[in-house]
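Data first, discussion second: the structure below is written as structure tokens.
Numbering of ligands and ligand atoms starts at 1, following listing order.
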Amino acid sequence: MSRPARAIVDLDALRHNYQLAQSLAPNARALGVVKANAYGHGAVAAAQALEPLVPAFAVACMEEALELRAAGLQKPILLLEGAFTADEIETAAAHNCWLMVSNREQAEEMVNARPSAPLQLWLKADTGMHRLGLTPQQVPELYRRLQALPHVQGPIVIATHFAVADEPELDFTRQQIECLQQINRDLQAPLSLANSAGILAWPGSHAQYTRPGIMLYGSSPFATEHPLAAQLQAVMTLESKVIDLHQVAAGESVGYGRRWIAQKDSIIATVAIGYGDGYPRHAPDGTPVLVNGQRCPLAGRVSMDMITVDVTTLPSVNVGDAVELWGKQLPINEVAASAGTISYELVTRMPLRAPRHYLHR
Ligand SMILES: *Cc1c(COP(=O)(O)O)cnc(C)c1O
């Protein structure tokens with residue numbers, strides 16, 4: 001016997017989603033973005049499933065890259081934020097990592113470095129996100145300087161990141177694409193622009209490398225319906241079971257703060273999942289929960305280890321019945337929207353306590 005809360009991770013669905021990303025941008029090479037523990041799915045298991053398919057992985061930092069290396073993964077790994085300290089340049093060289101160079105400081109450290117093996121670099125251009133990256137004016141000069149270094153392998157890739165690619169009706173993404181093409185007019189470097197939303201909604205952004213993240217995990221980057229995103233398959237299903245049932249009379253309350261008050265005589269199912277398992281504490285009453293495959297409303301505040309659900313309308317509910325919090329039958333985007341957040345946050349905040357159970361390893 002053990003606590004029934006667990007995250008089922010379908011690695012076939014992960015591979016399906018990767019292949020969709022690849023087929024939508026057939027002339028580009030799609031990096032497998034597995035930062036933040038593969039968006040909560042387990043970095044090593046996700047990377048092992050993707051390794052035969054991807055040219056390279058992408059992570060946020062060296063610690064994440066070294067976790068993959070320790071598990072025996074071999075493909076190159078792009079560090080999306082580059083080296084945080086000068087000594088990480090040598091670590092990158094020793095472990096076949098590609099480094100993003102996003103500012104003058106990182107560029108100077110690269111000029112001064114004497115790594116034991118040549119490095120593959122990506123140069124980040126700021127085309128409007130204003131978070132990381134060199135100005136369009138800085139790129140050509142630094143590109144040529146870095147490309148000329150004996151310890152830099154060519155050609156350097158120029159990358160940029162989109163601010164609103166998930167809102168396809170906005171013109172700003174087209175402006176960012178044009179800005180990067182302008183920067184690259186004389187350099188003729190390989191380019192990388194597209195995140196998941198770029199792959200799905202902006203064919204003009206596909207270029208030589210794409211960087212799909214959230215779509216690999218089966219969640220749409222868009223707030224509204226999108227025909228291509230509809231082809232994604234949910235990778236994670238967060239599930240648990242009913243562990244108790246309560247008759248609650250009209251006027252009685254349920255849970256902390258007495259937030260939910262029964263409007264009529266009701267049946268409340270207690271489910272073994274809570275914010276300590278990654279279920280969002282901010283989820284309001286009415287957030288959908290699947291009990292025996294039927295949608296029921298959350299009733300009362302989310303506790304650390306439990307939630308309470310109004311199952312009054314179900315014909316029969318018993319202790320031990322199956323509950324899905326999000327996944328194959330209940331899109332995570334719906335739960336995220338109800339809780340005032342995005343799927344990215346829900347999955348990356350999944351703690352270790354909810355065991356990951358892998359299908360199709
Ligand atoms: C996280 C990240 C991605 C992936 O973005 P998604 O929206 O999850 O597809 C791509 N590029 C960079 C630079 C990132 O940091």
Side-chain angles (χ1 to χ4, degrees), residues 14 17-22 24-25 28-41 43 46-47 50 54-65 77-84 97-103 106 121-134 157-168 170 173 176-177 180 190-203 205-223 226 228-229 231-232 234-236 332-333 336 341-350:
L14 177 69
N17 297 333
Y18 177 81
Q19 277 156 343
L20 179 65
Q22 185 63 76
L24 291 174
R29 311 181 77 201
L31 270 52
V33 179
V34 294
K35 63 186 177 184
N37 197 29
Y39 291 49
H41 293 65
L50 292 173
V54 299
F57 297 106
V59 298
C61 60
M62 185 61 79
E63 288 77 4
E64 292 179 340
I77 305 173
L78 171 64
L79 303 193
L80 290 162
E81 293 176 20
F84 284 90
C97 295
W98 301 348
L99 285 179
M100 188 79 80
V101 173
S102 299
N103 55 43
Q106 285 178 331
L121 298 189
W122 286 40
L123 201 57
K124 180 81 161 263
D126 177 11
T127 57
M129 179 79 163
H130 300 324
R131 187 179 63 177
L132 287 179
L134 300 154
V157 177
I158 304 181
T160 198
H161 197 56
F162 291 137
V164 289
D166 58 325
E167 297 179 73
L170 300 184
T173 303
Q176 287 195 268
I177 296 169
L180 196 69
L191 299 179
S192 175
L193 304 88
N195 54 2
S196 297
I199 292 166
L200 291 159
W202 295 92
S205 75
H206 292 167
Q208 282 68 47
Y209 289 94
T210 60
R211 308 186 305 271
I214 195 73
M215 73 179 289
L216 299 182
Y217 308 100
S219 165
S220 169
F222 308 111
H226 188 284
L228 293 175
Q231 296 179 39
L232 296 170
V235 175
M236 181 191 292
I332 189 168
N333 284 11
T341 183
I342 54 176
S343 63
Y344 294 75
E345 186 183 20
L346 293 187
V347 287
T348 55
R349 292 183 69 162
M350 288 275 302

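- Residues that satisfy the side chain to side chain contact (heavy atoms under 4.5 Å, CB included) test with T160, not counting sequence neighbours, are T127, L180, L193.
- Side-chain atoms of H130 and D126 include a donor-acceptor pair closer than 3.5 Å.
- Under the 3.5 Å distance criterion, the side-chain polar atoms of E64 are matched with a main-chain donor or acceptor of A60.
- Residues satisfying the salt bridge (charged side-chain N to carboxylate O under 4.0 Å, His left out) test with R29, not counting sequence neighbours, are none.
- If you look at ligand 1, the protein residues with a non-hydrogen atom under 4.0 Å away are K35, Y39, L80, H161, N195, S196, R211, P212, G213, I214, Y344.
- Every residue was checked against the salt bridge (charged side-chain N to carboxylate O under 4.0 Å, His left out) condition with E167, not counting sequence neighbours, and none meets it.
- Between Y39 and Y217, the ring planes lie parallel to each other; the angle is under 30°, not in the 30° to 60° tilted range.
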